[in-house]
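So the structure is just underneath, and the comments pick up after that.
We name chains A, B, ... by the order of the sequence lines, and we start the count at 1 in each one.
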Amino acid sequence: MHIEKELQIIKENAVDVISEGELLKKLEKSRAEGKGLRVKYGADPSAADIHLGHTVPLQKLRQLQDMGHQVIFLIGDFTARIGDPSGVSKTRPPLTKQEVQNNASTYQEQIFKILDRKLTNVVFNSQWCDDMKSGEIMKLASHYTVARMLERDDFALRFRKKEPISIHEFLYPLIQGYDSVFLKADMEVGGTDQRFNFLVARELQRDFGQEPEVLILLPLLEGTDGKQKMSKSLDNYIGISEPPAEIYGKIMSIPDEILPRYYNLLLRIDMPNDCGPHEAKKHLAREITSIHHGEENAGKSEQEFEKVFVRKELPENIPEFVLRNEELKDGKIWIVELLLKAKLAATGNEARRLIAQGGVKLNNKSCTDPELNIEIRDNMVIKAGKRRFARIKMEGNHG
RNA sequence: GGGGAGAUACUCAAGCGGCCAACGAGGCUUGACUGUAAAUCAAGUGCAGAAUGCUUCGGAGGUUCGAAUCCUCCUCUCCCCA
């Protein structure tokens with residue numbers, strides 16, 4: 001592959017490359033020595049599920065692997081206990097060691113759906129951070145100044161709004177940067193929200209007599225609300241391990257305006273312009289579902305979606321729940337109680353509301369009376385809202 | 001160490017002795033319209049088989065017929081001075 005072509009692939013979709021000149025030099029050197037570059041990617045295991053937003057940098061890493069570079073997948077189990085202040089307006093609650101560990105293992109299961117396992121080196125930064133001496137931390141902290149920390153957008157904002165910033169949050173970028181020093185990274189890939197942290201890493205590397213890493217900054221994918229970046233805490237994410245029908249449906253619910261973004265960032269192609277937005281969205285949903293669950297499942301999800309949401313028919317698989325005879329009175333049950341038992345409502349009030357507002361259907365018949373006692377028959381289907389269903393299974397007194 | 005301000009539901013934010021289960025906005029839920037898009041409109045958003053019952057306004061006590069509102073102590077945050 002021509003080096004220009006390689007550069008092109010690396011730059012694709014990137015918001016910024018710092019710097020291209022350095023990158024070119026590193027690529028040349030890597031070729032001359034016949035050794036791939038060491039590419040660092042850090043993951044914060046505070047959220048266990050990998051979502052579509054993460055797949056943007058992961059795809060970039062895969063491209064780099066395909067070109068012979070080594071990926072060092074760093075699980076920030078130590079830094080997760082501090083909490084990345086990037087883009088956050090509050091101090092994060094610290095995670096326990098156990099939580100971090102659970103999340104980290106789930107993480108690993110999921111990344112190899114995209115990355116090549118053989119070309120990925122997984123490391124935990126607790127390996128070297130855990131026994132850092134306080135003297136070393138002091139020394140690290142002396143490399144940066146308060147003024148420069150406060151230049152950072154999120155800190156500046158919090159400071160201006162008179163919101164608390166804990167001292168340990170200042171340490172976060174330094175420790176993250178030190179990871180790059182420790183790993184002797186040639187390149188680091190991440191979202192644009194990591195710009196500040198990454199720049200600190202470069203400075204630290206320089207201070208430690210290393211050549212600074214090249215930064216590949218990728219755009220942040222918007223979540224299903226189309227406004228804020230995809231994240232678990234905002235509950236606007238599409239997890240890659242979610243069931244195919246779920247992924248398909250969530251894609252169908254994104255606002256039209258961000259369709260081109262999804263096409264560019266997730267499929268790495270331009271949105272087709274020979275069809276309407278609805279068709280384009282369906283295509284997108286099918287493609288993305290297919291990437292994570294295979295074509296067959298994607299096709300099924302589409303059919304199911306058409307069936308349930310377009311034709312308003314019953315879905316293929318309806319979760320069942322068992323009702324026992326003794327739970328009925330004269331073969332009847334109060335509707336609110338039924339919704340509670342079917343777990344279609346969390347509280348009685350919620351159930352009442354749902355009913356009163358016309359959100360509940362029994363065997364496809366609306367029911368708006370919250371006082372109703374329903375005569376139960378086996379296999380009866382309850383629908384709550386647009387997408388929640390439950391099927392009643394009667395069980396005799398003898399189990 | 002000294003002085004001042006503040007903590008209200010998912011978030012922001014009113015309320016400053018009864019009219020407060022707590023204004024308003026955002027979010028979210030449901031319905032109408034639709035393409036599970038957007039925009040718009042309507043309703044809802046503590047719990048309770050439920051006509052005025054119970055538990056909520058950082059925490060613990062207290063005053064009062066009655067407290068989110070007043071008092072005391074505690075915890076936490078911000079600002080100014082040192």
Of B:C47, B:G49, B:U36, the nucleotide closest to the side chain of A:Thr347 is B:C47

Can you identify which nucleotide, out of B:G44, B:A50, B:G35, has its nearest atom closest to the A:Asn349 side chain? B:A50

Would you kindly check whether a donor in the side chain of A:Asp256 faces an acceptor in the base of B:G35, or vice versa, at under 3.5 angstrom? yes

Give each stem of RNA chain B as a range with a range, requiring at least 3 consecutive Watson-Crick or G-U wobble pairs whose two distances are under 3.5 Å. B:1-7 with B:75-81, B:10-12 with B:24-26, B:27-32 with B:40-45, B:58-62 with B:70-74

Tell me what A:Gly385 touches on the nucleic acid: a base, only sugar-phosphate, or nothing, going by heavy atoms under 4.0 Å. sugar-phosphate

A side-chain contact here means heavy atoms from C-beta on lying under 4.5 Å apart; do A:Leu328 and A:Met394 qualify? yes

Classify the nucleic acid contact of A:Val310 as base, sugar-phosphate or nothing, counting any heavy atom under 4.0 Å across all strands shown. sugar-phosphate

Under a 3.5 Å cutoff, is there a donor and acceptor pairing between the side chains of A:Lys35 and A:Ser30? no

Proximity to the side chain of A:Glu337 - top-ranked nucleotide from B:C78, B:C47, B:G49: B:G49

With respect to the side chain of A:Arg353, which nucleotide from B:A48, B:U30, B:U45 is positioned closest? B:U45

Give A:Lys282 one of three labels, base, sugar-phosphate or nothing, depending on what nucleic acid heavy atoms sit under 4.0 Å from its own. nothing

Tell me what A:Ile254 touches on the nucleic acid: a base, only sugar-phosphate, or nothing, going by heavy atoms under 4.0 Å. sugar-phosphate

